[in-house]
Amino acid sequence: MKKIAVIGADGQLGSDLVKVLKGNKVFPLYYPDFDITKPEKAREILSQINLDIVINTAAYHRVDECEENPQKAFEVNSTAVRDLALICRDVGFILVHFSTDYVFDGKKKTPYVEEDTPNPLNVYGVTKLAGEYFVQNLLERYFLIRTCGLYGEAGCWGKGTNFVDAVISLEKKGKPLRVVNDQCVTPTSTAELALRIGELIQTQHYGLYHLTNEGQCTWFEFAKTIFSLTGKKPLLIPVDSKAYGARAPRPSYSVLENRKAEKVGLTEFSPWEKALKIYLTRKGYI
Ligand SMILES: NC(=O)c1ccc[n+]([C@@H]2O[C@H](COP(=O)([O-])OP(=O)(O)OC[C@H]3O[C@@H](n4cnc5c(N)ncnc54)[C@H](OP(=O)(O)O)[C@@H]3O)[C@@H](O)[C@H]2O)c1
């Protein structure tokens, strides 16, 4: 049994981690009582608990907003992560931290492996990459997880919703749906990601990992599959990124290969379609 703090414990990934890790002694930490941008208070709280592991799911990840507010993005995604890494180094905690497929520029067109060189296209990606560098440079014992296209039962707090719930809610309002069809990703279930994290932290195979469900699709194909599984037929309109007009540029291809996870013998992720079906069933959509 390990003693584990989960930062952002009511977020979509955080809440699934709290569920999965319940065989351990888990300390859920909630914003704003626990705020990673307040390092002195964070140090005081974390040092008082006799921990083995700190898991940080907190991020500022409204990708378009980050373009307008780079200072806040750096504060939450980079500087606060540096401060958290320093606390972990000083007190001797293992840090589990999450990063993103958006550290890549999408030019590769085959799944990115951990050794590929990042080249973020937007402020969010730059700040998450800076966070990665702090973790890697300050710590020896860390699990740094890049993941992609998360959806979970709690819904994404930072974005107000997640993609699956958002398109289902728009369909209910009878609205036509314009969905981007030139960005290829891997939708990933936080329930399944949390299970793999639970496995990984039992090991001492520290380092950088890509962890996502298997397979790939565009956001349009993802929406199409959601509606074919739920038996709905909304007007779905594929659009390209330019026509969609989001403020932040995004990679056209950001599929991650779980190469290192396979090397260390982690249970293989399911295909994204299978994980999606489980999610839709659990949420009562099918
Ligand atoms: N969502 C995606 O599609 C996606 C894709 C790739 C990578 N990621 C990464 O995966 C991680 C988890 O994402 P998620 O979707 O589970 O996020 P989420 O649902 O937004 O959860 C984040 C949690 O962190 C809390 N938080 C925000 N600012 C904080 C602060 N300054 N101090 C402490 N807690 C704070 C939030 O609380 P409040 O809600 O009260 O603010 C929320 O509980 C993030 O690192 C993200 O960058 C996400």
Side-chain angles (χ1 to χ4, degrees), residues 5-20 27-39 41-43 45-46 54-66 69 72-84 87 95-104 112 118 120 122-132 134-135 143-166 183 185-194 196-197 209-213 219 222 248 250-251 254-256 272 279:
V6 177
I7 302 172
D10 54 3
Q12 51 181 358
L13 177 58
S15 57
D16 277 326
L17 281 165
V18 171
K19 279 185 222 157
V20 161
F27 300 85
L29 298 170
Y30 301 99
Y31 181 81
D33 292 342
F34 186 93
D35 182 345
I36 58 166
T37 67
K38 307 246 158 61
K41 180 101 187 283
R43 184 180 284 267
I45 295 170
L46 292 174
V54 173
I55 304 183
N56 176 37
T57 72
Y60 180 44
H61 55 92
R62 290 179 184 246
V63 178
D64 293 315
E65 268 185 40
C66 286
N69 206 347
K72 180 175 173 191
F74 268 105
E75 192 188 8
V76 180
N77 299 334
S78 318
T79 317
V81 176
R82 179 203 61 183
D83 293 335
L84 204 53
I87 297 169
L95 178 64
V96 180
H97 177 67
F98 294 89
S99 187
T100 172
D101 54 318
Y102 284 2
V103 297
F104 293 115
Y112 283 96
N122 55 42
V123 169
Y124 169 68
V126 170
T127 62
K128 290 295 283 185
L129 184 59
E132 288 190 7
F134 282 126
V135 171
F143 296 102
L144 176 57
I145 317 293
R146 290 190 189 131
T147 187
C148 175
L150 295 184
Y151 60 90
E153 281 185 58
C156 185
W157 282 64
K159 296 178 186 175
T161 183
N162 64 43
F163 182 84
V164 184
D165 294 349
Q183 291 168 24
V185 295
T186 305
T188 297
S189 149
T190 56
E192 200 169 340
L193 176 59
R196 300 291 86 81
I197 301 297
Y209 287 84
H210 288 178
L211 295 182
T212 68
N213 278 112
W219 293 105
F222 186 23
R250 287 159 168 81
S254 59
V255 176
L256 306 176
W272 68 265
Y279 175 80

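One-based numbering, in listed order, for ligands and for the atoms of each.
With sequence neighbours excluded, the residues forming a salt bridge (charged side-chain N to carboxylate O under 4.0 Å, His left out) with Asp165 are Lys283, listed by chain and number.
Residue Tyr31 holds the heavy atom nearest to atom 40 (O) of ligand 1 of all those in Tyr124, Tyr31, Phe98. By heavy-atom distance, the residue among Gly152, Gly11, Ala58, Gly14 lying nearest atom 21 (O) of ligand 1 is Gly11. For atom 5 (C) of ligand 1, the nearest non-hydrogen atom from the set Gly131, Gly149, Pro32 comes from Gly149. Looking at Leu150, Thr161, Val185, it is Leu150 that brings a heavy atom closest to atom 4 (C) of ligand 1. Among Ser99, Cys148, Ala80, the residue whose heavy atom sits closest to atom 7 (C) of ligand 1 is Ser99.
Counting heavy atoms closer than 4.0 Å to ligand 1, residue His97 contributes nothing at all. Contacts of Gln12 with ligand 1, taken as heavy-atom pairs under 4.0 Å, involve both backbone and side chain. At a 4.0 Å heavy-atom cut-off, ligand 1 does not touch Tyr151 at all.
Of the N or O atoms in Lys128, one or more lie within a sub-3.5 Å distance of an N or O in ligand 1.
The aromatic rings of Trp272 and Phe222 sit perpendicular, their planes meeting at an angle over 60°, well past the 30° parallel limit.
Each of the atoms 23 (C), 24 (O), 25 (C), 43 (O) of ligand 1 lies under 4.0 Å from some heavy atom of Gly8. Counting the atoms of ligand 1 from 1 in the order shown, those under 4.0 Å from a heavy atom of Asp35 are 30 (C), 31 (N), 32 (N), 33 (C). The ligand atoms of ligand 1 that sit less than 4.0 angstrom from a heavy atom of Thr57 are 11 (C), 12 (C), 22 (C), 44 (C), 45 (O). Listed by number with element, the atoms of ligand 1 under 4.0 angstrom from any heavy atom of Ala59 are 44 (C), 45 (O), 46 (C), 47 (O). In the vicinity of Phe34, heavy-atom distances shorter than 4.0 Å reach the ligand 1 atoms 32 (N), 33 (C), 34 (N). Distances below 4.0 Å separate heavy atoms of Leu13 from the following atoms of ligand 1: 16 (O).
Looking only at atom types and distance, the side chain of Tyr60 has no donor-acceptor partner in the side chain of Glu75 under 3.5 Å away. A donor atom on one side chain and an acceptor atom on the other are found under 3.5 Å apart for Ser99 and Glu132.
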Test log, rule side-chain contact (heavy atoms from CB on, under 4.5 Å), inputs Asp101 and Tyr112: CA-CA 9 Å; Asp101 54 318; Tyr112 283 96; over 6 Å; no
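Look at Lys38 and Asp83 and you find no salt bridge, because none of the NZ, NE, NH1 or NH2 atoms lies under 4.0 Å from a carboxylate O.
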